[in-house]
Amino acid sequence: MRPDTPAEYVDHNAEAARLERTAGLYPEDAEHLLLQAAAHLELAEDRPRATAFYDRLLSSETPLENPFLVRALKAANLWEYGHEAEAKAIIEGVRRASPRDPAPWVIVAESLESHDELEAAQQTFTEAATHLLTDVPEPPYATHPVLFGRHRVRRMLGLPHDNWDALADTLHSSPVSLDELHDPKRVWSLGSDNPAELEAEISRLRAELGTYREALSRPFPVAILHWPASELSELLTAYPSLAEEYPSHEEHLATIEGSLRELAASGTPNLGIVTGTVPSYEAFAASEGASPGDASLLPQYATTLAARGRAEAWPPERGAGCWCGSGVSYGECHGANQGTGV
């Protein structure tokens, strides 16, 4: 499914079946693909089948990249069709495990919130913020929903602002403040006869929609293909015609960084890097009925990897390792002396 396909035209059961088939073709991406399939089944109101997908992943012999995300999604899904006790037990397990990924925290906290467990939701968001953001000078983008969700729940509980709430306010970029967006009395304005109140509510809804659109756009980056040194050597040995594309590994890395900086300078959002492997590329070429030596396949391969959730955001978060795999921070490697301001 294209990311811009209107939801009302989506056959969620068919999409789930397609993603399940794709997972069979690309077992290395099964986790990401089956999570998408489960999401479609939830939208189709087939929650038991969605749970079966989550259980399939959790019982797999292949280690998961993010088992706590799968557990959190399973808990949220279970609660929606009556399995409250099991859902709460899983949620408690996720909280005790204290994952470093913000997504499981957000999912379990929002599940508690949606079922009016506001105190528990506030505690979960606070645990996440404390665990992920203590002594962190600049909160990574992925942690923003933790702070925004915490702010929202605390507003509903009528709690006074604290330092985490103030930080959420500074990170919020919408023209409508978080206090307005999270005002528990907003629902009453929808029944008002006052045009000014209705206009203000429309502005708030537009701001929320803009935030949601920005978040939804991030998983579909413009991705540049990266070959580690060993993979590039194997690729060029097997397909010498690609040497014109890759004169050397050093030039390949420099070209990636330069291209991404140019795209960023031109205003292109959501940039990313996908890392290729020769077996994966050969399988992709076979699926296209083409020769791996055909250079025109390379951008298509990169796009396919990005669509399968293999893209890493560029530039890396401050202090994170460089995308090239050198083992040093991005700022000390390819991120040194940036001139793009990104």
Side-chain angles (χ1 to χ4, degrees), residues 31-32 34-36 38-39 42 47-48 50-60 62-169 171-172 178 182 184 215 218-219 309 317 320:
E31 180 176 347
H32 174 76
L34 291 179
L35 286 180
Q36 288 188 62
E42 289 191 37
R47 294 187 178 276
T51 293
F53 273 30
Y54 296 132
D55 287 338
R56 175 174 162 183
L57 285 169
L58 291 168
S59 63
S60 171
T62 303
L64 298 176
E65 291 183 12
N66 197 335
F68 298 113
L69 174 62
V70 181
R71 293 182 187 279
L73 290 167
K74 177 184 175 181
N77 181 56
L78 283 170
W79 203 336
E80 290 301 318
Y81 71 108
H83 297 270
E84 178 181 345
E86 186 178 355
K88 284 186 171 180
I90 296 172
I91 287 172
E92 186 59 31
V94 171
R95 291 174 64 179
R96 285 199 303 268
S98 298
R100 294 301 304 173
D101 178 14
W105 287 103
V106 173
I107 290 165
V108 297
E110 289 185 346
S111 183
L112 291 163
E113 177 188 354
S114 68
H115 292 280
D116 295 324
E117 303 271 357
L118 297 183
E119 287 288 353
Q122 193 272 148
Q123 291 169 8
T124 303
F125 276 126
T126 299
E127 289 170 11
T130 303
H131 180 61
L132 299 172
L133 297 174
T134 299
D135 297 327
V136 174
E138 184 175 338
Y141 180 88
T143 64
H144 292 189
V146 170
L147 293 169
F148 296 158
R150 184 179 182 276
H151 185 288
R152 180 180 62 249
V153 172
R154 288 172 60 80
R155 190 82 164 83
M156 285 190 286
L157 289 169
L159 299 175
H161 268 40
D162 61 8
N163 291 338
W164 291 125
D165 292 322
L167 179 58
D169 287 331
L171 295 172
H172 180 65
L178 281 181
H182 297 162
R218 294 186 70 85
E317 298 286 354

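Note that this is a predicted model, so its numbers are computed, not measured. Throughout, numbering of the chain's residues begins at 1 and tracks the sequence.
Between atom NE2 of residue His115 and atom CD of residue Glu113 there is a gap of 11.0 Å, rounded to the nearest 0.5 Å. Atom-to-atom distance recorded for Asp116:CG and Met156:CE is 8.5 Å, nearest 0.5 angstrom. Note that CD of Glu86 is 4.5 Å distant from CG of Leu78, once rounded to the nearest 0.5 Å. To the nearest 0.5 Å, the span separating CG on Leu73 from CG on Leu35 amounts to 6.0 Å. In this structure, the separation between CD on Glu31 and CG on Leu57 is 6.5 Å, given to the nearest 0.5 Å. Distance check: Asn77 CG to Ile107 CD1 gives 11.5 Å after rounding to the nearest 0.5 Å.
Of the charged side-chain nitrogens involved, none lies within less than 4.0 Å of a carboxylate oxygen, so that Arg152 and Asp165 do not count as a salt-bridged pair.
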(request) List the steps, then state whether salt bridge (charged side-chain N to carboxylate O under 4.0 Å, His left out) holds for Glu84 with Lys88. (result) CA-CA 6 Å; Glu84 178 181 345; Lys88 284 186 171 180; 3.1 Å; yes
(message) Pair Arg154, His161 - check side-chain contact (heavy atoms from CB on, under 4.5 Å), show working.
(response) CA-CA 8 Å; Arg154 288 172 60 80; His161 268 40; over 6 Å; no
(request) Step by step, work out the side-chain hydrogen bond (donor to acceptor under 3.5 Å, both in side chains) result for Glu127 and His131. (result) CA-CA 6 Å; Glu127 289 170 11; His131 180 61; over 6 Å; no
(request) Step by step, work out the side-chain contact (heavy atoms from CB on, under 4.5 Å) result for Leu171 and Phe148. (result) CA-CA 9 Å; Leu171 295 172; Phe148 296 158; 4.2 Å; yes
(message) Determine whether Val153 and Leu112 satisfy the following criterion, side-chain contact (heavy atoms from CB on, under 4.5 Å), listing intermediate values before the conclusion.
(response) CA-CA 10 Å; Val153 172; Leu112 291 163; over 6 Å; no
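Heavy-atom minimum distance, Val94 versus Ala72: CG2-N, 4.3 Å. When all heavy atoms of Tyr54 and Glu42 are compared, the closest pair comes out as OH-OE2, 2.5 Å. Residues Ala87 and Ala75 share a closest heavy-atom pair of CB-O, 3.3 Å. Looking at every heavy atom in both residues, Pro104 comes nearest to Leu69 through CG-N, 3.6 Å. Among all heavy-atom pairs drawn from Leu132 and Pro99, the shortest one is CD2-O, 3.8 Å. Here the closest heavy-atom approach between residue Thr124 and residue Trp105 is recorded as O-CE3, 3.6 Å.
Side-chain atoms of Asp162 and Arg150, non-hydrogen and from C-beta on, do get closer than 4.5 Å to each other. A 4.5 Å side-chain heavy-atom check between Asp169 and His151 finds at least one atom pair inside the cut-off. When side chains are defined from C-beta on, Asp101 does not count as touching Phe68, because their heavy atoms never get closer than 4.5 Å. Side-chain atoms of Ser114 and Trp79, non-hydrogen and from C-beta on, never get closer than 4.5 Å to each other. Within the 4.5 Å cutoff, the side chain of Leu147 has no heavy atoms near those of the Phe125 side chain. Looking at Asn163 and Leu167, their side chains never come closer than 4.5 Å, going by heavy atoms from C-beta outward. Looking at heavy atoms from C-beta onward, Thr51 lies out of side-chain contact with His83 at the 4.5 angstrom threshold.
Aromatic pair His144/Tyr141: centroids less than 6.0 angstrom apart.
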